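Worksheet: the structure to be examined is printed underneath.
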Amino acid sequence: MLRWFLGILGMIYFRWPGAILGFIIGNIIDNMNAGKFYPGRGTAFGSRPRQNIPEEFELKLLALASVVIKADGKVEQSELDYVRRYFIQAYGQERANTTFRLFNEQIKKSGVSGVNIAQELKAYLRYESRLQVIHFLFSVANADGVVSESEVQQLESIARAFEINMNDFGSIKAMFFDRPDRAYEILEIPKTASEAEIKKAYRTMVKKYHPDKLQDMDETYRKGAEEKFRAVREAYERIQKERGF
């Protein structure tokens with residue numbers, strides 16, 4: 001750690017007073033770095049932040065939500081309310097209020113690029129976490145009861161910037177559309193898949209979306225993962241019933 005390096009350096013040049021001062025300075029810098037934007041460490045994807053100041057991840061997540069909300073050319077109150085409820089559940093009323101004031105400012109801004117924001121976030125988020133962000137953004141778009149084609153296009157652009165596999169994107173998308181082949185799309189298989197292929201696909205999806213993979217995330221995000229996991233299980237059970245196996 002930096003504290004030990006500076007402590008030793010201080011000892012070499014300034015004896016014990018320098019060692020103590022170097023250790024203190026290094027400790028302060030280490031503590032500051034510990035609060036930087038890393039998933040699972042002082043962010044929405046880890047322990048709850050202690051201050052009521054929105055962190056970088058929250059602000060970028062809000063910016064992505066605002067891009068999706070404005071994709072169809074209108075701002076629905078139901079979508080705004082969804083984001084507010086989400087942040088209250090994730091961070092508490094006081095912190096959510098502070099964050100949502102910034103969200104209202106984001107909504108008014110023009111020219112915000114969802115692709116650029118996603119590219120910035122990609123470096124900090126594990127693949128599973130990026131999938132969870134896409135699921136959250138679909139939920140925002142669906143808050144008014146329908147995900148429009150323009151919203152889907154915006155979400156796909158964000159997913160590509162996240163380097164999300166398009167099969168995974170299609171699986172999440174299928175969870176928000178009631179279509180005849182929905183169950184197969186969720187499991188990322190064609191309707192012509194054999195029984196063995198269906199079972200293999202289900203095992204793969206269970207591993208991918210099992211909530212145990214997201215134990216370092218806040219409860220709100222784990223609930224989102226549980227929704228996907230439940231959708232995968234329901235899709236498999238529906239195919240089982242249709243195929244009779």
Side-chain angles (χ1 to χ4, degrees), residues 37 39-40 43-46 56-72 76 79-80 82-83 85-87 89-90 103 106 112-179 182 185-188 201 204-211 213-214 216-235:
F37 172 52
T43 71
F45 281 79
E56 187 176 351
F57 171 77
E58 295 168 50
L59 298 178
K60 291 187 184 301
L61 186 61
L62 284 174
L64 286 179
S66 70
V67 167
V68 172
I69 288 174
K70 294 187 292 185
D72 56 4
E76 297 286 354
E79 294 173 334
L80 298 177
Y82 180 88
V83 176
R85 289 194 303 272
Y86 180 86
F87 273 82
Q89 185 177 2
F103 179 59
Q106 287 283 356
V112 178
S113 170
V115 169
N116 290 345
I117 297 168
Q119 287 173 340
E120 291 173 9
L121 278 174
K122 179 172 63 70
Y124 299 101
L125 298 179
R126 301 187 320 276
Y127 188 77
E128 294 87 354
S129 299
R130 281 177 266 155
L131 288 177
Q132 182 57 27
V133 170
I134 294 297
H135 188 273
F136 164 72
L137 294 175
F138 260 109
S139 298
V140 172
N142 192 53
D144 60 354
V146 59
V147 181
S148 69
E149 182 58 34
S150 55
E151 288 172 328
V152 171
Q153 291 174 1
Q154 185 62 250
L155 285 161
E156 183 173 339
S157 297
I158 292 170
R160 290 186 184 280
F162 266 156
E163 296 187 0
I164 297 293
N165 182 289
M166 284 296 102
N167 287 333
D168 288 340
F169 176 79
S171 174
I172 295 174
K173 174 184 172 182
M175 297 177 189
F176 295 88
F177 291 87
D178 189 12
R179 297 189 293 215
R182 177 174 181 264
E185 292 174 355
I186 290 174
L187 294 183
E188 301 181 11
T204 299
M205 297 298 285
V206 165
K207 291 178 182 178
K208 184 185 299 183
Y209 288 124
H210 199 287
K213 278 184 168 287
L214 304 170
D216 62 330
M217 295 167 67
D218 262 356
E219 182 181 355
T220 307
Y221 297 88
R222 290 199 301 271
K223 285 182 178 179
E226 289 166 3
E227 288 177 14
K228 291 203 296 292
F229 184 73
R230 184 166 55 250
V232 166
R233 188 176 63 244
E234 290 173 353

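Excluded from the calculations below are hydrogen atoms, water molecules and symmetry mates; all remaining heavy atoms, backbone and side chain alike, are included. All values reported here derive from a predicted model rather than from experimental measurement.
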Check your understanding: Between CD1 of Ile69 and CG of Leu64, what distance do you get to the nearest 0.5 Å?
Key -> 11.0 Å
Exercise for review: Decide yes or no for Gln154 and Lys70: does some side-chain heavy atom of the first lie under 4.5 Å from some side-chain heavy atom of the second?
Suggested key: no
**Study point:** Gap separating the CZ atom of Arg130 from the CD1 atom of Ile158, nearest 0.5 angstrom
**Key:** 14.0 Å
Practice item. Step by step, work out the side chain to side chain contact (heavy atoms under 4.5 Å, CB included) result for Leu155 and Ile172. Key: CA-CA 11 Å; Leu155 285 161; Ile172 295 174; over 6 Å; no
Study note, to complete from the structure: Correct closest heavy-atom pair for Met175 and Arg182 would be O-NH2, 3.0 Å
Review point. In Å, rounded to the nearest 0.5 Å, how long is the span from CG of Asp72 to CD of Gln153?
Key: 11.5 Å
Review point. Between Phe138 and Phe177, is the gap from one ring center to the other below 6.0 Å?
Key: no
Check your understanding: Where is the tightest heavy-atom contact between Ala63 and Ile117, given as atom of each residue plus distance?
Key -> CB-CD1, 3.3 Å
Practice item. Any chance you could lay out the side chain to side chain contact (heavy atoms under 4.5 Å, CB included) test for Asp168 and Tyr127, step after step, and finish with the verdict? Key: CA-CA 11 Å; Asp168 288 340; Tyr127 188 77; 2.6 Å; yes
Point to revise | Student check: side-chain heavy atoms of Phe136 and Leu61 closer than 4.5 Å | key: yes
Check your understanding: CD of Glu120 to CG of Leu125: how many Å apart, nearest 0.5 Å?
Key -> 11.5 Å
Point to revise | Set of residues satisfying side chain to side chain donor-acceptor pair (under 3.5 Å) with respect to Glu151, sequence neighbours excluded | key: Ser148
**Study point:** side chain to side chain donor-acceptor pair (under 3.5 Å) against Glu185, all qualifying residues, sequence neighbours excluded
**Key:** Arg179
Check your understanding: Taking all atoms of both residues into account, what is the closest heavy-atom pair of Val83 and Ala65, and its distance?
Key -> CG2-CB, 4.3 Å
Review point. What distance do Asn165 atom CG and Arg160 atom CZ have between them, rounded to the nearest 0.5 Å?
Key: 10.0 Å
Point to revise | Taking every non-hydrogen atom, the tightest pair across Phe169 and Val152 | key: CZ-O, 4.1 Å
Exercise for review: Locate the shortest heavy-atom distance separating Glu79 from Ala143; write the atom from each residue and the value.
Suggested key: CA-CB, 3.8 Å
Study note, to complete from the structure: Taken to the nearest 0.5 Å, the spacing of Ser171 OG from Ile134 CD1 works out to 12.5 Å
Exercise for review: For residues Leu187 and Ala235, report the shortest heavy-atom separation together with the two atoms involved.
Suggested key: CG-CB, 4.3 Å
Exercise for review: Report yes if some heavy atom in the side chain of Val133 is under 4.5 Å from a heavy atom in the side chain of Leu121; otherwise report no.
Suggested key: no
